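Read the numbers this way: they start at 1 and go in the same order the structure lists the ligands and their atoms. Quick note: numbers below take in every heavy atom, side chains included, and nothing from hydrogens, waters or symmetry partners. These numbers were taken from a predicted model, which means no experiment stands behind them.
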Amino acid sequence: MSDTIKINVIGIAHTPYKQKFGIPRQPGLAPGIPGTIEIHAPYNREEAFRSIETFSHLWVNFIFHGIESNKWQSMVRPPRLGGKKKVGVFASRSTHRPNPLGLSVVKLERIEIKQEQLLLHISSHDLLDQTPIVDIKPYLPYSDAINEASNGYAPAPENNVYEVEFSSRSLEFIDNWQHEQAANLKSQLINILSQDPRPAYSKEDPQKQNYGMRLYNLDIQFSIENNCMKVVNITQI
Ligand code: SAH
């Protein structure tokens, strides 16, 4: 067997995360964010997915297509160690791996089949828009959920670390936003921002208090004051 293997991309993810900044560090951290996996031919056959709806969650194998370079690093600085301490790449979930393969458990909301299109509607994911998908398998809690497993150097993050506030301007935007997710946008922003999406180096910079992130077709401007994330303004891009 040769040292390289060709793998087939079976589909593509469509998600509100249009840039890496703002994506939760693991899939379960921002529940409620929707997404779809569109399966490509010849894998978009109904029988290839038959009975998948009997599972609530799926393992998704994907390609980190949005990394800046394909260079892997033997040691990385995980955000959970404040971006200061290094650990081995294989002791991390870093994207700078020899093979840019990501792995996430996502919630399966429903499967939709219309004509040639096969769509898996998902939520609680951490996938950048347009992520190439290479495999899907059911998540099996009896075997995959290990209660006594240790979290190593990455203990479970506290829930809702930051309070999230909205300016009256941003609330007005949300009220008038014409989008199928309009009713959910506020709670989605609370989920994302309460986890503090900032990279470690940026938290250390006292001058940097204003941030912008893209979600859907929106530019979300927020600021940090006294442990509170404030959505200052939202504009359509
Ligand atoms: N759950 C995955 C991802 C962990 S790293 C795993 O364990 O393999 C998490 C980061 O991956 C996110 O914060 C996001 O910025 C990044 N990410 C998600 N999809 C990506 C993509 N297609 N290309 C590059 N980075 C991506």
* Atom indices of ligand 1, in the order listed, that fall short of 4.0 Å to a heavy atom of G102 -> 8 (O)
* Run the salt-bridge test on E68 and K20 with the 4.0 Å N-O cut-off and return the result as yes or no. => yes
* **Proximal atoms of ligand 1 relative to T131 (non-hydrogen, under 4.0 Å)** => 19 (N), 21 (C), 22 (N)
* Asked: Which protein heavy atom lies closest to atom 26 (C) of ligand 1, and at what distance to 0.1 Å?
  -> F64 CD2, 3.6 Å
* Atoms of ligand 1 less than 4.0 Å from L128 heavy atoms? -> 18 (C), 19 (N), 20 (C), 21 (C), 22 (N), 23 (N)
* Structure fact -> the protein heavy atom lying closest to atom 25 (N) of ligand 1 turns out to be K20 CD, 3.5 Å
* Backbone or side-chain N or O of T95 under 3.5 Å from ligand 1 N or O -> no
* N/O separation below 3.5 Å, G66 to ligand 1 -> yes
* **N or O pair under 3.5 Å between R93 and ligand 1** => yes
* If you draw a 6.0 Å radius around CD in E47, do more than 12 non-hydrogen atoms from other residues or ligands fall strictly inside? -> yes
* Would you say D196's side chain and R198's backbone share a donor-acceptor pair under 3.5 angstrom? -> yes
* **Main-chain N/O of L127 paired to T131 side chain as donor or acceptor, under 3.5 Å** => no
* **ligand 1 N/O within reach of I67 N/O, cut-off under 3.5 Å** => no
* To do: For R25, counting its heavy atoms only, list the atoms of ligand 1 lying under 4.0 Å from any of them.
  => 4 (C), 9 (C)
* To do: Would you verify that at least one protein heavy atom lies under 4.0 Å from atom 10 (C) of ligand 1, or report that none does?
  => no
* To do: Just say parallel, tilted or perpendicular for the rings of Y211 and F222, cut-offs at 30° and 60°.
  => parallel
* Taking the six-membered ring for Trp, are W177 and H179 parallel (under 30°), tilted (30 to 60°) or perpendicular (over 60°)? -> parallel
* Proximal ligand 1 atoms for I63, defined as those under 4.0 Å from one of its heavy atoms -> 22 (N)
* Asked: So does E53 have more than 12 non-hydrogen atoms from other groups sitting under 6.0 Å from CD?
  -> yes
* **Neighbour count >12 (heavy atoms, 6.0 Å) for atom CG, N70** => no
* Asked: Hey, is P24 one of the residues with a heavy atom under 4.0 angstrom from ligand 1?
  -> yes
* Asked: At a 4.0 Å threshold, what atoms of ligand 1 neighbour a non-hydrogen atom of D126?
  -> 1 (N), 2 (C), 3 (C), 18 (C), 19 (N)
* Asked: Is it true that the NZ or CZ of K186 lies under 6.0 Å from the centre of F166's six-membered ring and within 45 degrees of the ring axis?
  -> yes
* To do: Would you mind checking which non-hydrogen protein atom is closest to atom 2 (C) of ligand 1, with the distance to 0.1 Å?
  => L103 O, 3.3 Å
* Structure fact -> d(Y216 OH, D129 CG) to nearest 0.5 Å is 11.5 Å
